[in-house]
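For reference, the structure discussed in these notes is given below.
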2 protein chains.
Amino acid sequence: MEINKVTIHDIAKALGIDSSTVSRALNDSSRVTKKTKDKILKKAEELGYQRNLLASNLRKNVTNTIGVVVPRISRHFFSSAIQGIEEAAYQSGYNVIICQSLEQLEREKNILESLAANRVAGVLISISMETMNYDHMNGLKQGGIPFVFFDRHCSIPENNNVLIDDFKGGFDATQHLIDKGCKNIVHFSGPQELGIYKNRFDGYKAALKKNNLPFKDAYVLSSRLMEQDGFENAKSLLENVLDFDGIFSANDVAAIGAMKYLLNEGIKIPDDVAIVGFSNEPISTVINPALTTINQPGFEMGKIATDLLLKQVKNKTTLLKTQTIILDSNLIERDSSKK
Amino acid sequence: MEINKVTIHDIAKALGIDSSTVSRALNDSSRVTKKTKDKILKKAEELGYQRNLLASNLRKNVTNTIGVVVPRISRHFFSSAIQGIEEAAYQSGYNVIICQSLEQLEREKNILESLAANRVAGVLISISMETMNYDHMNGLKQGGIPFVFFDRHCSIPENNNVLIDDFKGGFDATQHLIDKGCKNIVHFSGPQELGIYKNRFDGYKAALKKNNLPFKDAYVLSSRLMEQDGFENAKSLLENVLDFDGIFSANDVAAIGAMKYLLNEGIKIPDDVAIVGFSNEPISTVINPALTTINQPGFEMGKIATDLLLKQVKNKTTLLKTQTIILDSNLIERDSSKK
DNA sequence: CTGTTAGCGCGTTCAG
DNA sequence: CTGAACGCGCTAACAG
């Protein structure tokens, strides 16, 4: 198989015309005869020409690629957000390059550096749990590359954000458990540097207060909310014989970990303990009717964040006012009448 | 915030030296004094220089990026494969760009075109369910961009493949059900154009034959194996009062769909119907002890496929013999003594 | 409508 | 060890 080195010059030479005409034809410029355009396209096809986007982008000093940085693509919330991002991006003629930080600041730094070096048009980012500030966004700033935070953000309020009303979500989740009769509700909490976890925690406290239930430090278990954390949280709860009857987990993964442990111990979840998780992980619809979830509109969020970003991209010269868009979440209760 | 346009020329000018020296210094060439190198690096830092990879790659006519194309990043098998790919790639100094075809041939075509235009160093691909031939790989071939199929491949045997022994997997799954006492085993099958589904089906038939059980057409339900398909398969089974006592699903998603339906109908899965799904979706460890799975080593597969690809990339000039690597899968039985 | 010229930012000759 | 010049492939400006 012959390696392709066909450039616009080759096809220009073969046709006895100039390469700039070829370039125009390939870009479907109106300033080329339909006739020569056809001739050029045919020749290009014939020679197996493939445009070199590197060169094109370098010359134009733009790219039609936006970068997306998420902690983990396998998390349902993020993959559905990515779906929304891709849809909105393709609609506007942009490509998407997806990167995962795996919750590691170091990787996040490398990714942003690489995106900046590749001159992406903009960046959508949901920061890792290790990220405590915006220092590593400076590369993008210096390069004039706009960025938008979605879902996860540092608690410093500035920049462009697309978020979910986590306070309300935390409040609703807790209220739901209280309505079901729970009086001793445990909270699995995440790093407080991330606004989402702080806000969910605040919502939890607010609901307790409103219902005149006491807040107890011992009922709050902090972790990075991995499945293993939930598993160990549940274990520790049982061992310390804490008298709990409900769990509000700040994400779905830890909730699932806890359920695994409880199931293993033969504790029937619906009757003894009510659990609310914070995500739209579809596993929750099957695993057990006990897991009520706070649904996060990932797909919609992705689209909105992308639109906001592209607005920045297109008005790169005129600095737009930063803004924060807050989306609503909604509680989805499982039908626990089914066994 | 000032937009960065700092090039090597700027930093050269600021230091009264030539840009080529700067270039060499930034690439850590041995042909530059340590002293001037330090001076240059310091100045680069000071001016906020950011290398332009577009220009660099254009000049060198290479990139350190490999493209990965999968049907869906949210599928556990693929996201764990991607994990393996990233690990192997980073280790060799390559970046990874992840794309999803969403099982659509049209999107797959666009993605490959875009990857070729961006001159990626190589491509790892798991084809969509709509893909019936290799025609759209020609762009890569012409561009001299090597590619490796992993997991999913067309049934045409050529090119580089990293696969799982699906025949054995299908056989093991069926044998497992037979060992548990099943006599009427239904098979949820996928598009036969994809080798994986054909091989799993063949394994199913072989196991039946070996155990002197009759093969019945009516027990084979073909679909694209989405969750909804599994759901409807189960529904159709119950409505047609087929006398079945086991299900072997060619993937996990359809198995989960079927379980949802059965659960909804109040059919206790462990006792009445045994199910084997084909994947390593972790949901299966929780959803119900009845779901035994054929575990696919996604992470390992990703690493191996990447190593194979990079070997091709590095020996681009000398055409290597195509090869197929086949990995083993293993059956993971759930502990059904637990309720 | 087409050709000419110049240059995007960088790396690699080749001299010195 | 460093500088000058050229060109990767493409496109924008200006002629004509």
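Values in this document were obtained by computation on a predicted structure and should not be read as measured data. Naming convention: chains lettered A, B, ... in sequence-line order (proteins, then strands); numbering from 1 in each chain.
- Recorded end-axis angle for the helix from C:dC1-D:dG16 to C:dG16-D:dC1 stands at 40°, based on five pairs per end and rounded to 10 degrees.
- With sequence neighbours excluded, the residues satisfying side chain to side chain donor-acceptor pair (under 3.5 Å) with A:R107 are B:E86.
- The nearest whole Å value for the distance from the NZ atom in A:K37 to the C1' atom in C:dT2 is 13 Å.
- Here the P atom of nucleotide C:dT12 and the CG atom of B:N57 are 12 Å apart, to the nearest Å.
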Subject >> Sequence-aligned protein contact record of nucleotides 8-15 of chain D, with B where the base is within under 4.0 Å of a protein heavy atom and S where only the sugar-phosphate is >> reply: BBBBBBB-
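- Residues satisfying the side-chain contact (heavy atoms from CB on, under 4.5 Å) test with A:N95, not counting sequence neighbours, are A:N64, A:T65, A:Y90, B:S114.
- Of the side-chain N and O atoms in A:T33, none sit less than 4.0 angstrom from OP1 or OP2 of C:dC1.
- B:N64 places its CG atom 15 Å from the C1' atom of C:dC10, with the value rounded to the nearest Å.
- In this structure, CG of B:D18 is placed 10 Å from C1' of D:dA5, rounded to the nearest angstrom.
- Remark: P of D:dG3 and CD1 of B:I11 are 12 Å apart, rounded to the nearest angstrom.
- The side-chain contact (heavy atoms from CB on, under 4.5 Å) check on A:D18 picks up A:S20, A:T21, with sequence neighbours excluded.
- With sequence neighbours left out, the side chain to side chain donor-acceptor pair (under 3.5 Å) criterion links A:R51 to A:N27.
- A:L54 comes within contact range of no nucleotide atom at all, as no heavy-atom separation falls under 4.0 Å.
- A search for ring-ring contact (aromatic ring centres under 6.0 Å, His included) contacts involving A:F149 returns A:Y134, A:F147, not counting sequence neighbours.
- A distance of 5.0 Å separates OG in B:S23 from CD1 in B:I8, rounded to the nearest 0.5 Å.
- Residues passing the side-chain contact (heavy atoms from CB on, under 4.5 Å) test with B:D38, sequence neighbours excluded: B:K34.
- Contacts of B:N160 classified as side-chain contact (heavy atoms from CB on, under 4.5 Å), with partners at least two apart in sequence or in another chain: B:V148, B:L308, B:Q312, B:T322, B:Q323.
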